[in-house]
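One structure below.
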2 protein chains.
Amino acid sequence: MRSDPRDEELAKLTRALGHPARVAILRYLTQQKTPCCGDVTTCIDLAQSTVSQHLKVLLEAGLIERKGQGTKNCYSICVEPFEQLKAGIDQILSDHRTATQKQKASTPS
Amino acid sequence: MRSDPRDEELAKLTRALGHPARVAILRYLTQQKTPCCGDVTTCIDLAQSTVSQHLKVLLEAGLIERKGQGTKNCYSICVEPFEQLKAGIDQILSDHRTATQKQKASTPS
DNA sequence: ACCCTTTATCGTAAAAATACGATAAAGGGT
DNA sequence: ACCCTTTATCGTATTTTTACGATAAAGGGT
């Protein structure tokens with residue numbers, strides 16, 4: 001099996017989500033009415049440079065976007081990749097379900 | 001912010017999914033009518049011990065389960081954590097949507 | 001009882017992720 | 001023009017992940 005690009009894509013997204021600090025950051029970004037700013041740092045008990053690094057990971061995975069606004073940078077969530085992620089998981093689930101179905105059909109109790 | 005257990009949980013699941021080989025393994029498990037066996041190895045171009053290790057990661061995250069069947073071990077997908085994962089992502093999405101809504105309401109163009 | 005297959009685990013090396021402080025670049029305010 | 005705030009990036013140490021071969025344990029077949 002030569003790694004499916006879909007697998008790479010799904011892995012890229014999940015890997016980016018695969019750290020509690022990054023999940024917390026995302027949750028924080030949603031909960032702010034003003035979906036912005038690097039004062040994320042003030043609420044997450046990590047050094048500023050570390051937070052910046054986590055933001056970069058999320059950014060490179062496409063899960064968030066940056067809008068430079070003067071000396072401050074505002075981050076906001078990108079909906080699309082989340083939908084894509086859900087779709088990827090759904091596909092695994094539905095594949096599983098149809099396979100299970102088939103199996104039951106061919107092996108009636 | 002003291003790491004929310006929900007964040008830990010979501011991170012645990014996504015981290016387990018966060019490797020192309022593991023996504024491929026999961027996909028393989030779904031596509032097998034007989035959702036079983038460690039002949040996963042034969043189709044994934046990784047050493048047997050490496051595959052076993054990846055299976056262990058998936059196992060420990062609860063994404064799959066093992067059924068010992070004689071000398072062979074059969075693995076199958078657990079639906080529940082996938083649903084949980086989807087729910088976690090959905091929550092982030094819906095939080096984001098409601099926040100965006102609120103913002104629009106208070107700042108009419 | 002013997003061997004052979006299957007597969008988890010151990011030991012280990014190499015690569016990647018994580019965290020930090022320090023520094024630099026970029027803008028705002030006065 | 002100056003300084004001060006904000007924040008990305010650099011350098012680096014530590015930990016974790018990833019991959020492999022070798023070994024061991026467990027069962028099936030004859």
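No experiment lies behind these values; they were computed from the predicted model shown.
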Taking all non-hydrogen atoms of both residues into account, name the closest pair between T30(A) and I77(A) and its distance.
CG2-CD1, 3.3 Å
K56(A) or R15(A), whichever maps to the more 5' nucleotide of DNA chain D
K56(A)
Closest to the H19(A) side chain, choosing from dT18(C), dT7(D), dG21(C):
dT18(C)
Per S52(A) side chain, nearest of listed nucleotides dT7(D), dG21(D), dA19(D)
dT7(D)
Tell me, which stems hold DNA chain D, with a stem being 3 or more Watson-Crick or G-U pairs in a row and both distances under 3.5 Å?
C:1-30 with D:1-30
From dA8(C), dG21(C), dC20(D), pick the nucleotide closest to the side chain of L46(B)?
dC20(D)
Please determine if a side-chain N or O atom of H54(B) lies less than 4.0 Å away from the OP1 or OP2 oxygen of dA19(D).
yes
Under 4.5 Å between any side-chain heavy atoms of V57(B) and R22(B), yes or no?
yes
Could you check if a side-chain atom of L26(A) sits within less than 4.5 angstrom of a side-chain atom of D7(B), using non-hydrogen atoms only?
no
Just the atom pairs and distances: protein N or O near nucleotides 11-13 of chain C's N or O, under 3.5 Å.
none

Please determine whether salt bridge (charged side-chain N to carboxylate O under 4.0 Å, His left out) holds for the pair R97(A) and E83(B), giving the CA-CA distance in whole Å, both sets of side-chain angles, and the decisive distance to 0.1 Å.
CA-CA 13 Å; R97(A) 270 192 258 270; E83(B) 299 287 6; 3.3 Å; yes
Between E60(B) (CD) and dT18(D) (C1'), how many Å, whole number?
15 Å
Determine the minimum heavy-atom distance between L13(B) and P81(B), stating which atoms define it.
CD1-O, 3.7 Å
Taking only side-chain nitrogens and oxygens of Y75(B), does any of them come within less than 4.0 Å of OP1 or OP2 of dT6(C)?
no
Looking at T71(A) and dG28(C), is any side-chain donor or acceptor paired with a base atom of the opposite kind under 3.5 Å?
no
N/O (side chain, N73(B)) to phosphate O (OP1/OP2, dA8(C)) under 4.0 Å
yes
